[in-house]
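As structure tokens, the structure follows; a few thoughts come after it.
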Amino acid sequence: MNYESTFICSPELPAEKVEELTGKVSKIIETAKGSVKTVQQLGKKRLAYPINKFREGSYVYMELNGSGEMVSAIENFFKLNDGVIRFLTVKVEKKKVVAKPAPKAAEATAAPEEVKKDEPTTEQPALA
């Protein structure tokens, strides 16, 4: 399965510690027979609301391949680590292909449908 995981580290942690945490998460994923596709360290950003009295945090985004057991292992690591103030892991679904609607020009040239005899019509009979 494909997953995306984002976690926010305390702004008090230096960049080396954030990289160390990311390395530990990658090691946990590999021991759980998963793989890491992408790792992006997005740097310090302002939070939408205070979390544990912090107004900003260091964001890390990861794309993962693995099982649900791998996800529970990394989430347990996030819960037990004081440097991580928030995390979110979501399952990525394959994109569905949506058919494009027909062009309007083709609809205008189409012949009008014939009225069936069983259906009532909206036309009024002519008065004599």
Side-chain angles (χ1 to χ4, degrees):
M1 295 298 212
N2 294 329
Y3 296 95
E4 290 180 351
S5 183
T6 304
F7 60 96
I8 306 172
C9 297
S10 166
E12 296 174 347
L13 287 179
E16 297 83 31
K17 289 286 186 181
V18 175
E19 288 181 27
E20 184 180 320
L21 278 174
T22 306
K24 287 180 181 179
V25 171
S26 297
K27 190 175 282 188
I28 291 170
I29 292 167
E30 291 171 5
T31 57
K33 298 177 184 162
S35 63
V36 179
K37 287 187 197 175
T38 308
V39 176
Q40 294 179 353
Q41 294 202 4
L42 303 174
K44 282 189 182 179
K45 295 189 181 284
R46 186 168 173 82
L47 301 173
Y49 53 90
I51 301 173
N52 297 340
K53 299 183 182 178
F54 295 122
R55 303 292 283 158
E56 57 183 26
S58 298
Y59 282 69
V60 179
Y61 169 80
M62 302 177 87
E63 290 180 9
L64 318 167
N65 248 347
S67 64
E69 295 157 357
M70 172 204 66
V71 172
S72 63
I74 62 172
E75 287 185 349
N76 284 337
F77 173 76
F78 291 148
K79 288 176 189 174
L80 296 175
N81 196 314
D82 292 335
V84 177
I85 57 176
R86 277 288 191 274
F87 63 90
L88 178 68
T89 304
V90 293
K91 183 177 173 183
V92 178
E93 298 289 331
K94 291 183 180 179
K95 292 184 179 179
K96 296 180 182 176
V97 178
V98 179
K100 293 183 180 178
K104 298 208 181 229
E107 292 175 10
T109 59
E113 295 180 23
E114 293 182 22
V115 178
K116 294 182 182 178
K117 293 183 181 181
D118 296 338
E119 293 181 6
T121 60
T122 57
E123 295 177 13
Q124 298 275 334
L127 295 175

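As the structure is a prediction and not an experimental result, all values here were calculated from the model.
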- Task: Answer whether the closest heavy-atom distance between the side chains of Tyr59 and Leu47 falls below 4.5 Å.
- Result: yes
- Approximate separation, where rounding is to 0.5 Å, of Gln40 CD and Thr6 OG1: 9.5 Å
- Scanning both residues in full, the closest heavy-atom pair of Glu56 with Arg46 reads CB-CA, 4.0 Å
- Approximate separation, where rounding is to 0.5 Å, of Lys53 NZ and Ile85 CD1: 14.0 Å
- Message: Given 3.5 Å as the limit, does a donor-acceptor pair link the side chain of Lys44 with the main chain of Pro11, or not?
- Response: yes
- What closest approach, in Å, do Ser26 and Val36 show between heavy atoms, and which atom pair accounts for it? OG-CG2, 4.1 Å
- Compare every heavy atom of Leu88 with every heavy atom of Val90, then report the nearest pair and how far apart it is. CG1-CG, 4.1 Å
- Residues Glu75, Lys79: salt bridge by 4.0 Å N-O rule: no
- Nearest atoms (heavy-atom pairs only) where Ile28 meets Ala73: CG2-CB, 3.9 Å
- The single option from Val92, Ile74, Thr89 that satisfies side-chain contact (heavy atoms from CB on, under 4.5 Å) with Tyr3 is Thr89
- Message: I'd like to check Ser10 versus Lys17 (side-chain heavy atoms, cut-off strictly below 4.5 Å). Are they in contact?
- Response: no
- Stepwise, does the side-chain contact (heavy atoms from CB on, under 4.5 Å) test hold for Leu64 with Ser5? CA-CA 8 Å; Leu64 318 167; Ser5 183; 4.0 Å; yes
- Item | Minimum-distance pair of heavy atoms, taken over all atoms of Leu21 and Cys9 | CD1-SG, 3.8 Å
- In one Ile/Leu/Val/Met/Phe/Trp/Tyr side-chain cluster, 4.5 Å: Met62, Met1: yes
- Donor-acceptor contact present, side-chain Asn52 to main-chain Phe54, <3.5 Å: no
- Note on the structure: Tightest non-hydrogen contact, residues Gly57 and Ile8, listed as CA-CG2, 3.8 Å
- Does any non-hydrogen side-chain atom of Glu63 lie less than 4.5 Å from one of Asn2? no
